[in-house]
Amino acid sequence: GFHRYTDETKMDSVLTSIKNELNNPLTSIEFFRKIKPLLKFIGDGHTNILPAKEYHQLMLNELPRFPFIVDKSKEGLKVLRNKSTNSDIQIGDIIVSINNNNSANEIYKKMVQNGTRDGYSLSLPKIRTITNFSGYYAELFGTPKIFELVVLRNNLKHKIPVEARTRNVMIKHERES
């Protein structure tokens, strides 16, 4: 049930906290970002909170997104595949920062914390975060046209701007590769 993993008092506190933040008009994506953290308190892997259909369709078809397939590493996010037009980013590079000192590890952590889960286990949100990093980034942090990355390679940090790409362009790139 609703209180299986979070007792009624705590859940009421969480809901009140969210309610208190809803004192001004919000866009659908702003509202989504306010309520998405409820998933960690519900703890039911069959429950999910999704953006509004219109935003989701824009995200799938038109909005620019993070153009890399990544995996979690101790230092940040390891690049497994580069779907950008910037060949300065190499397979194996570690992204340590995204867009003005936002730690890649903190971004990953927030995505995992806000993901659907079974009880207290973080296995499901960790897997989903890695397999859909680009989409989760768009949902929780937005869709900038340029990603300012700090990349770690051979113990040296490099600041590299990378143009975002739409999902459809990345799929086409994948098919052509």
Side-chain angles (χ1 to χ4, degrees), residues 5 14 18 21 26-84 86 89 91 93-151 160-174:
Y5 297 102
V14 169
I18 291 171
E21 292 182 31
L26 301 172
T27 65
S28 67
I29 194 63
E30 290 169 332
F31 179 73
F32 165 81
R33 290 175 183 149
K34 296 279 187 195
I35 64 171
K36 182 81 172 173
L38 281 172
L39 290 172
K40 69 181 166 193
F41 298 102
I42 297 170
D44 179 348
H46 298 283
T47 301
N48 204 354
I49 298 171
L50 300 172
K53 183 178 179 180
E54 296 80 15
Y55 182 84
H56 188 72
Q57 288 302 314
L58 281 172
M59 193 179 73
L60 287 176
N61 299 310
E62 297 177 36
L63 295 175
R65 291 172 52 171
F66 188 77
F68 300 97
I69 303 295
V70 296
D71 197 3
K72 180 71 179 85
S73 75
K74 180 181 172 187
E75 299 88 359
L77 299 168
K78 182 178 181 179
V79 175
L80 301 179
R81 185 167 294 141
N82 182 348
K83 295 183 178 188
S84 78
N86 189 329
I89 306 286
I91 305 304
D93 282 352
I94 306 295
I95 299 169
V96 296
S97 175
I98 302 172
N99 291 344
N100 301 319
N101 299 319
N102 292 323
S103 160
N105 282 331
E106 289 301 313
I107 290 168
Y108 171 83
K109 182 178 176 182
K110 182 173 181 177
M111 289 178 178
V112 169
Q113 287 174 343
N114 286 290
T116 296
R117 70 201 60 222
D118 288 315
Y120 304 113
S121 173
L122 294 179
S123 297
L124 182 62
K126 285 180 179 180
I127 291 168
R128 285 186 172 178
T129 295
I130 289 304
T131 57
N132 192 26
F133 188 88
S134 173
Y136 284 7
Y137 190 96
E139 289 178 1
L140 294 176
F141 299 99
T143 56
K145 292 182 180 179
I146 300 289
F147 287 94
E148 296 289 342
L149 304 179
V150 175
V151 173
I160 304 173
V162 176
E163 187 176 343
R165 300 182 90 186
T166 65
R167 178 177 169 265
N168 291 335
V169 168
M170 288 190 285
I171 290 170
K172 182 179 177 189
H173 176 267
E174 186 75 19

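Side chains are part of it too, since the values below use all heavy atoms of this structure and drop only hydrogens, waters and symmetry mates.
- Distance check, rounded to the nearest 0.5 Å: CG of D44 to CG of D118 gives 7.0 Å.
- Listed for the T116 side chain is a donor-acceptor partner under 3.5 Å among the backbone atoms of T47.
- The distance from atom CE of M59 to atom CD1 of I29, rounded to the nearest 0.5 Å, is 7.5 Å.
- Under the 4.5 Å side-chain criterion, counting only non-hydrogen atoms from C-beta, R165 is not in contact with I171.
- Across all their heavy atoms, P67 and M170 have their closest contact at CA-SD, 3.4 Å.
- Contact of the L58 side chain with the E54 side chain is not registered, since no non-hydrogen atoms from C-beta on lie closer than 4.5 Å.
- Side-chain contact check for L77 versus F68: every heavy-atom pair is 4.5 Å or farther apart.
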Problem set entry | Derivation and outcome, side chain to side chain contact (heavy atoms under 4.5 Å, CB included), residues L60 and R65 | CA-CA 9 Å; L60 287 176; R65 291 172 52 171; 4.2 Å; yes

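- For the pair N82 and V79, the tightest heavy-atom approach, listed with the atom from each and the gap, is N-CG1, 4.4 Å.
- At most 12 heavy atoms of other shown residues, nucleotides or ligands fall within 6.0 angstrom of atom CD in E163.
- Side-chain atoms of L39 and N114, non-hydrogen and from C-beta on, never get closer than 4.5 Å to each other.
- Atoms NZ and OG, from K126 and S121 in turn, are 8.5 Å apart once rounded to the nearest 0.5 Å.
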Exercise. Checking side chain to side chain contact (heavy atoms under 4.5 Å, CB included) for the pair L140/K36: CA distance, chi angles, key distance, verdict?
Worked result: CA-CA 9 Å; L140 294 176; K36 182 81 172 173; 4.2 Å; yes

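- Closest of all the heavy-atom pairs between V112 and P125 is O-CB, 3.4 Å.
- Note that OG of S103 is 12.0 Å distant from CD1 of I95, once rounded to the nearest 0.5 Å.
- A distance of 3.5 Å separates CD1 of I89 from CD1 of I160, quoted to the nearest 0.5 Å.
- Here the rule is ring-ring contact (aromatic ring centres under 6.0 Å, His included) with F66, and of Y108, F133, F141 only F133 fits it.
- The two residues N99 and I146 make their nearest non-hydrogen contact at OD1-O, 3.6 Å.
- Applying the side-chain hydrogen bond (donor to acceptor under 3.5 Å, both in side chains) rule to N100 yields no partners; only residues at least two apart in sequence or on another chain are considered.
- Remark: the K74 side chain and the N105 side chain contain no N/O donor-acceptor pair separated by less than 3.5 Å.
- With Y137 as the fixed residue, the side-chain contact (heavy atoms from CB on, under 4.5 Å) test singles out one of I98, N132, T143, T129: I98.
- Surrounding NZ of K72 are more than 12 heavy atoms belonging to other residues, nucleotides or ligands, all under 6.0 Å away.
- In this structure, CD in E21 is found 14.0 Å from CZ in R33, a value given to the nearest 0.5 Å.
- Sparse packing is recorded around NZ of K78, with 12 or fewer heavy atoms of other residues, nucleotides or ligands lying under 6.0 Å away.
- Without hydrogens or angle criteria, N86 side chain to P161 main chain gives a donor-acceptor distance under 3.5 Å.
- The two residues Y136 and R128 come nearest to each other via the heavy atoms OH-CB, 3.4 Å.
- Residues F31 and Y55 keep their aromatic ring centres 6.0 Å or farther apart.
- Inter-residue side-chain proximity for R117 and K40 is flagged as met; some heavy-atom pair is nearer than 4.5 Å.
- Considering every non-hydrogen atom in both L26 and K34, the closest pair reads CD1-CG, 4.1 Å.
- The salt bridge (Lys or Arg N to Asp or Glu O under 4.0 Å) check on K83 picks up E174, with sequence neighbours excluded.
- Residues meeting the salt bridge (Lys or Arg N to Asp or Glu O under 4.0 Å) test with E148, sequence neighbours left out: none.
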